[in-house]
Amino acid sequence: GVRMRMEGREEMQSAVGLRCTWDIPAPAGTQAKWVRLNVGGTVFLTTRQTLCREQKSFLCRLCQGEELQSDRDETGAYLIDRDPTYFGPILNFLRHGKLVLDKDMAEEGILEEAEFYNIGPLIRIIKDRMEEKDYTVTQVPPKHVYRVLQCQEEELTQMVSTMSDGWRFEQLVNIGSSYNYGNEDQTEFLCVVSKELYNSPNGLSSEPSHKAKV
């Protein structure tokens, strides 16, 4: 029974060890000191530890007091002349490492702020998301292309059987007889075939260059 309890305790400890690296306390000097930021007239309250998640960021340098002599308002909050709407997601990203946006927020707006505050990982996430979005938007619905082929009765079966490259048989129109072969009537047909063309994002259609065989 004692051994079981011991093993259980060890498992507990190792599970605790798997927490996100950001939960590791910052060095003693900077730990959990509250920082007030006045971003474009809106006050945000956070800790130095959160702001210093991204060591190279403007926010980290600001609260460490390095080389940035920032103005403060009457409450002692650092004054930052940026849009507060987009600062919320930036701060939340530093808190938990995820980009969470309201649906009416433009990713370009966040990107602009992420670049201003110099938060590398966030810049990469937004750019990836914007590229994905561009890709899905440019996938245009397929265009239907129709082609009309003229042929004689005896060529019909051969033609339909050799249609390739995604051409689909649509319609057959009998246009009467012609007298090409002596006195034999050859019935002429117009054969309508169609194909879907998908436009790729760079604007070139992806139609194979070889045409349907006639």
Side-chain angles (χ1 to χ4, degrees), residues 15-27 29-73 77-143 166 196-209:
V16 170
L18 292 174
R19 293 166 69 194
C20 171
T21 50
W22 282 356
D23 291 341
I24 296 165
T30 57
Q31 195 176 345
K33 291 199 182 142
W34 290 92
V35 180
R36 291 166 73 87
L37 301 168
N38 182 336
V39 183
T42 305
V43 175
F44 293 87
L45 192 60
T46 183
T47 64
R48 267 171 212 265
Q49 191 184 341
T50 295
L51 295 179
C52 287
R53 288 276 149 71
E54 193 46 48
Q55 296 289 320
K56 299 191 187 79
S57 76
F58 166 85
L59 296 165
C60 182
R61 285 160 50 211
L62 179 75
C63 70
Q64 285 178 341
E66 290 177 26
E67 88 249 31
L68 291 175
Q69 293 306 310
S70 180
D71 293 333
R72 296 175 179 240
D73 68 9
Y78 291 106
L79 284 163
I80 303 175
D81 182 20
R82 300 298 289 184
D83 185 344
T85 320
Y86 290 108
F87 188 69
I90 297 264
L91 192 53
N92 282 332
F93 176 78
L94 289 173
R95 285 170 175 152
H96 51 55
K98 291 196 189 82
L99 174 59
V100 183
L101 294 184
D102 291 344
K103 60 180 182 302
D104 51 352
M105 269 193 187
E107 276 155 353
E108 288 85 346
I110 295 284
L111 181 59
E112 198 60 46
E113 299 308 292
E115 285 178 339
F116 172 79
Y117 295 114
N118 191 26
I119 300 170
L122 182 54
I123 295 170
R124 281 194 296 278
I125 288 174
I126 301 165
K127 283 187 172 167
D128 287 350
R129 275 174 59 152
M130 284 164 74
E131 273 172 29
E132 269 173 38
K133 218 175 244 181
D134 280 352
Y135 183 69
T136 47
V137 168
T138 49
Q139 293 220 299
V140 202
K143 283 191 301 200
E196 289 185 348
L197 280 193
Y198 291 89
N199 281 346
S200 53
N202 56 14
L204 298 170
S205 74
S206 57
E207 181 191 7
S209 50

Original post:
In terms of the angle between their ring planes, are F44 and F87 parallel, tilted or perpendicular, with boundaries placed at 30° and 60°?
Top reply: perpendicular

Subject >> Heavy-atom neighbours of E112 CD exceed 12 at 6.0 Å >> reply: no

Original post:
Which heavy atom of A114 sits nearest a heavy atom of I126, and at what distance?
Top reply: CB-CD1, 4.2 Å

Original post:
If we only count heavy atoms from C-beta on, is the R129 to L101 side-chain gap below 4.5 Å?
Top reply: yes

Original post:
Would you say I80 and Y117 make side-chain contact, with heavy atoms under 4.5 Å?
Top reply: yes

**OP:** Please round to the nearest 0.5 Å and tell me the distance separating atom CD1 of I90 and atom CD of E54.
**Re:** 11.0 Å

Subject >> R72 and R36, any side-chain heavy atoms less than 4.5 Å apart >> reply: no

Original post:
Once you round to the nearest 0.5 Å, how far does CZ of F58 lie from CG of N118?
Top reply: 10.5 Å

**OP:** Hey, could you give me the CZ/CD1 distance between F93 and I110, rounded to the nearest 0.5 Å?
**Re:** 11.0 Å

**OP:** Would you give the length of the straight line joining atom OG1 of T47 to atom CZ of R95, rounded to the nearest 0.5 angstrom?
**Re:** 8.0 Å

Original post:
Is a donor on one side and an acceptor on the other found under 3.5 Å between the side chain of D102 and the backbone of D104?
Top reply: no

Subject >> Q55 (side chain) donor-acceptor with C52 (main chain) under 3.5 angstrom >> reply: yes

Original post:
Which atoms form the tightest heavy-atom contact between V100 and P89, and what is the distance?
Top reply: O-CB, 3.8 Å

Subject >> Nearest heavy atoms of L59 and L94, plus distance in Å >> reply: CD1-CD1, 3.9 Å

**OP:** Search all heavy atoms of K56 against all heavy atoms of R61 and return the closest pair with its distance.
**Re:** O-CD, 4.3 Å

Original post:
Between atom OG1 of T46 and atom CG of L51, what is the distance when rounded to the nearest 0.5 Å?
Top reply: 4.5 Å

Subject >> Note, R82 side chain near F116 side chain (heavy atom, < 4.5 Å) >> reply: yes

Subject >> Atom pair CG/CG of L122 and N92 - distance to nearest 0.5 Å >> reply: 11.0 Å

Original post:
Would the number of heavy atoms belonging to other residues, nucleotides or ligands and lying under 6.0 Å from CG of D81 be above 12?
Top reply: no

**OP:** Side-chain contact test, heavy atoms from C-beta onward, threshold under 4.5 Å: evaluate it for L37 versus V43 and give yes or no.
**Re:** no

Original post:
So, for N38 and G41, which heavy atoms are closest and what is the spacing to 0.1 Å?
Top reply: OD1-N, 2.9 Å

